[in-house]
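These notes concern the structure reproduced below.
Since we're looking at a predicted model, the values are computed, not measured.
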Amino acid sequence: MSKRILWKDAWQAISRSLGRFIAIFLLMAVSAFALIGLKITGPDMRQTATSFFTQHHLADTTITSNYGLDSRDRQLIRQQKSVKQVDFGYLQDSTIDQTKRALRIFSQTNGVSSWQTVSGHLPRHDNEIAVSYLLKGKYHIGQWITLKQAGSLKHRQFKIVGFVRSSEYLDRSDIGQTTVGTGQLSGVAVVKKSAFETGTAYAIARITYNQTAKMNPYSTRYTNYVEKQQQQLKKALNRHGKTKQQKLERQLKAAQQQLAQATQQAAVLQQKNAGAGNSVLIQQAAALKKQQTKLKQLGTPTYTLSDRTENPGYAIYRSNAERVDILADVFPVLLFAIAALVSLTTMTRFVEEERIQIGTFKALGYYNADVAKKFALFSLLASSAGVALGAWGGFMVLPKIIFKAYAANSTLSGFQLHFSWALLLTTWLIAILCTTGAALWALHRDLKAKPAALLLPKPPKGGSRILLERWHWLWNRLSFNYKVTMRNLFRYKSRALMTIFGVAGCTGLLVMGFGIRDSLSGISNIEYSRIIKYDLIAVQNSNSSAKQRQQLKKELNGKSVKGHTGIYFEQLTKKAGDDDATQSISLIVPNNEKNFKQYFAVKNRQTKKTLKLPQDGVIISEKLARLLNAKKGSSIKLKDASGKWRTMKVAGIMEMYIGHYVLMSPQAYQKIFHQSYQTNAQLITLKKGAKLQQESQRLMATGAVKGINQNVNNQRTIDNIMGSLNRVMIILIGLAALLALVVIYNLSNINIEERMRELSTIKVLGFYDQEVTLYIYRETIILSVIGILLGYLVGIGLHRFIILSLPPANAMFDPTMTLINFIVSALIPAVITAGVAMAMHHKIRSVDMLDALSSVD
């Protein structure tokens with residue numbers, strides 16, 4: 001039998017039902033765009049970073065020591081069997097003369113953690129320097145700069161010959177802290193290794209391992225391998241450190257003896273008026289005293305081994321990619337679920353409209369498979385075309401947009417797009433299941449029927465009493481129009497449920513999107529105005545002189561400082577979180593709890609009650625409690641700066657959104673750390689109008705401060721992270737709104753098409769066009785309201801899941817949701833419904849009543 005007429009009818013079905021075809025096309029396009037785009041962005045971001053790290057041979061481990069790395073240290077490092085390549089280098093922190101900008105100047109590396117040239121070239125002579133491209137607007141190639149602290153550098157004046165990108169510094173705003181200038185680094189730079197004085201101990205060692213080249217740097221396998229190698233190396237270095245300490249103690253003792261002898265000889269010569277000899281001895285005594293002071297300041301030889309996660313910006317970038325993965329596991333699933341429901345309704349209606357044609361073809365002797373070709377072709381073309389367009393946007397457009405949002409705070413560039421056949425085929429199969437599968441499922445019932453039955457129109461559903469009719473007190477008060485509306489709602493249950501679920505899904509996504517925006521907005525303001533009220537922490541130099549301490553005291557009582565209070569400050573560490581990354585935890589022990597309240601609000605977020613520092617326990621920040629699964633009464637173990645584990649009991653959990661904090665009283669500190677309490681830092685609040693950078697510089701200039709932690713830098717980093725997430729949420733909100741438009745239009749169009757004879761009947765009975773539109777749109781409005789209310793519950797649940805899963809390991813979002821979120825989330829589907837109603841009103845007005853009521857018997 002000829003199949004030509006079948007194919008002709010199949011192709012004509014597309015033009016006859018173009019609106020339905022476009023609706024399915026858009027549903028699949030939006031869903032595929034979100035699924036492919038979000039699923040591929042995380043891997044694209046990681047692969048971009050991995051390629052950059054591989055290209056520049058980023059070190060797996062970096063080693064520094066307070067005494068530098070001597071020949072024995074270098075020998076021990078090279079002897080490690082796992083080491084592939086090691087580079088020893090120098091570094092020097094210095095401010096640029098006449099400015100507050102501090103640079104960390106590295107010696108050029110030999111293959112490990114190499115520098116990327118952005119413009120110009122790397123240094124070729126000892127007096128040339130290449131600086132971070134982030135300072136390109138401040139300086140230009142050919143410009144000479146003068147360094148205030150030359151240190152171990154041979155020169156103080158350098159000519160800028162290029163702008164470079166460091167493979168170790170990925171954060172634009174938080175580059176790190178320093179002991180010069182304002183205490184905050186403004187950038188990094190590189191000079192030739194020969195620009196440093198020879199004979200001085202190397203300051204840093206960079207190591208790559210043999211096995212890591214083939215490992216995914218973001219995998220647990222890589223993390224565990226590097227950690228194991230570091231532990232082995234640190235044991236060897238610590239053994240040498242003990243030997244070095246014994247040698248230094250002997251040197252210190254000898255220096256003390258020599259100093260005593262020199263002082264005694266100087267006193268004897270002074271009595272004999274031997275001026276020349278006395279002067280030499282005084283100089284020798286001063287030199288010996290300086291050496292003694294230096295040895296005391298450096299203290300015990302220690303080695304710091306750092307992995308990549310401690311590079312500025314590395315962990316944040318990784319965290320950002322993981323945040324996209326979390327969204328990819330939630331958002332597209334809901335989109336496809338809504339699309340599947342609406343597609344099922346659309347294709348079911350399509351099959352019902354083609355009922356007589358199905359009967360005709362069956363009567364002519366065509367097989368069921370032949371009859372099904374039209375519906376398979378229609379759904380395949382619509383869904384495949386939608387997936388094709390969505391896949392193009394998902395692979396090429398959305399990842400770029402998201403990366404651009406996150407790259408606002410990262411130095412990484414050269415974003416790499418990747419294609420995945422597996423992801424494309426999976427998306428296409430899901431789309432086919434939602435459309436073609438739905439069509440064939442709806443078709444199989446009609447294909448079982450006899451041709452004679454199919455050639456007759458499907459009988460309308462019979463009316464029946466509904467539950468509301470039993471509530472006479474309510475039913476008797478309803479007008480005729482509302483009684484009809486209520487009966488129709490219960491009469492077409494499947495369509496009503498589809499509308500409710502469709503609107504609820506879209507509203508839920510909107511509530512989630514706007515809710516996350518609520519949770520992001522103002523976090524830094526809450527953190528650094530309501531909770532943390534100080535402007536900076538000044539960490540004191542324990543080996544400062546009495547004169548330096550006096551200068552610091554004078555500065556703290558100066559006109560720029562509003563107030564200050566003494567604390568003990570230390571950085572604790574603990575590996576925690578899904579990726580088992582090292583978390584940095586700020587320990588603060590106030591000297592005076594009453595004064596401390598003026599600088600730090602210690603409150604519980606749920607109860608809003610102020611927490612008092614206990615005598616034998618600690619108060620920890622809320623996100624740290626979540627990471628450690630700690631509750632009030634739990635015991636936690638944290639590692640201190642010397643590498644010792646300290647066990648402490650949790651006495652309370654305080655409100656905190658950014659960073660990890662542990663607060664304790666001096667009494668609790670003495671019990672937990674088994675040592676006497678003394679302050680080593682100051683919390684400082686500045687007066688209104690005081691300039692933070694100038695005050696930081698004055699504090700560092702006293703010599704009694706070795707480091708400053710400025711809140712403004714933390715706030716800038718937070719704002720950048722939150723701003724990136726905010727831009728991503730705007731994209732997702734836009735997709736949810738577009739989906740709502742397609743869903744509401746499609747369901748409304750199906751409703752009207754299916755009931756055209758019914759609408760024509762009431763128009764013949766004398767109803768005005770507005771009344772006819774309201775006759776059917778009352779149902780849509782009621783169902784939309786129910787869907788919006790249900791969507792609120794869906795959105796609240798999604799929002800709670802996302803705010804617990806989405807933040808990085810050192811942050812949490814504000815779980816509260818504002819009223820305006822719910823209003824806007826309801827207004828969007830309401831406005832779309834009103835807009836679609838206007839379009840449908842025009843369609844109802846143009847209906848030919850006689851043609852619609854013509855008999856099809």
Side-chain angles (χ1 to χ4, degrees), residues 59-83 86-91 152 179 199-209 224-260 287-307 310 539 541-544 568 570-575 582 584 587 637-647 669-670 672-676 678 680 706-707:
D60 297 310
T61 296
T62 57
I63 306 168
T64 57
S65 173
N66 56 342
Y67 279 85
L69 302 171
D70 59 24
S71 58
R72 180 56 182 161
D73 292 325
R74 300 197 295 273
Q75 184 182 7
L76 287 171
I77 293 170
R78 288 194 180 101
Q79 285 176 350
Q80 298 298 306
K81 295 180 180 178
S82 58
V83 171
V86 59
D87 180 87
F88 297 98
Y90 303 100
L91 64 88
S152 56
T179 57
T200 57
Y202 285 108
I204 186 171
R206 298 176 174 92
I207 297 172
T208 58
Y209 298 111
N224 293 339
Y225 178 82
V226 171
E227 183 180 5
K228 182 180 178 182
Q229 302 308 316
Q230 286 183 348
Q231 289 174 351
Q232 293 176 354
L233 178 57
K234 189 158 188 177
K235 286 179 182 178
L237 290 172
N238 284 342
R239 284 194 295 268
H240 174 56
K242 289 180 180 179
T243 305
K244 188 187 292 188
Q245 183 178 2
Q246 293 170 357
K247 182 180 178 182
L248 290 170
E249 287 174 351
R250 290 195 297 269
Q251 289 179 353
L252 183 60
K253 188 175 181 180
Q256 288 173 339
Q257 292 174 351
Q258 291 174 12
L259 179 60
L288 288 168
K289 193 170 183 180
K290 187 177 180 181
Q291 181 187 2
Q292 184 181 16
T293 303
K294 185 179 179 181
L295 290 172
K296 285 182 178 179
Q297 286 177 343
L298 289 173
T300 304
T302 58
Y303 297 90
T304 303
L305 278 72
S306 305
D307 57 23
E310 296 180 56
V539 181
N541 185 350
S542 59
N543 295 302
S544 58
Y568 176 79
E570 184 180 340
Q571 289 291 342
L572 309 178
T573 56
K574 173 80 173 181
K575 287 198 172 185
T582 300
S584 181
L587 168 65
K637 282 187 177 182
L638 302 176
K639 187 187 289 185
D640 66 14
S642 63
K644 294 181 180 179
W645 288 98
R646 305 292 183 177
T647 303
Y669 173 82
Q670 290 176 169
I672 294 170
F673 284 80
H674 307 294
Q675 58 191 34
S676 59
Q678 60 181 2
N680 70 345
K706 66 177 181 180

Quickly, which of V226, D60, D87, V83 forms a side chain to side chain contact (heavy atoms under 4.5 Å, CB included) with I207? Name it, please. V83

What are the two closest non-hydrogen atoms of [X] and [Y], and how far apart are they?
X	Y	result
I77	I63	CD1-CD1, 3.6 Å
T64	A203	CG2-O, 3.6 Å
G68	A201	CA-CB, 4.1 Å
W645	K637	CZ3-O, 3.6 Å
A59	T208	CA-CG2, 4.0 Å

Would you compute the distance between atom [atom1] of [X] and atom [atom2] of [Y] and round it to the nearest 0.5 angstrom?
X	Y	atom1	atom2	result
E227	D307	CD	CG	8.5 Å
K228	S82	NZ	OG	9.5 Å
T62	L305	OG1	CG	7.5 Å
L69	L237	CG	CG	8.0 Å
L587	E570	CG	CD	6.0 Å

Do the side chains of [Y] and [X] get nearer than 4.5 Å, heavy atoms only?
X	Y	answer
F88	R78	yes
K244	D70	yes
T61	Q229	no
T573	Q571	no
Q79	L76	yes

Do other residues, nucleotides or ligands put more than 12 heavy atoms under 6.0 Å from the NZ atom of K247? no

Any donor-acceptor pair under 3.5 Å linking the side-chain atoms of R72 with those of Q75? yes

Evaluate the ring planes of Y225 and Y209, with Trp represented by its six-membered ring, and classify them as parallel (under 30°), tilted (30 to 60°) or perpendicular (over 60°). perpendicular

Candidate list D73, N238, N66, test side-chain hydrogen bond (donor to acceptor under 3.5 Å, both in side chains), partner Y303, passing option: D73

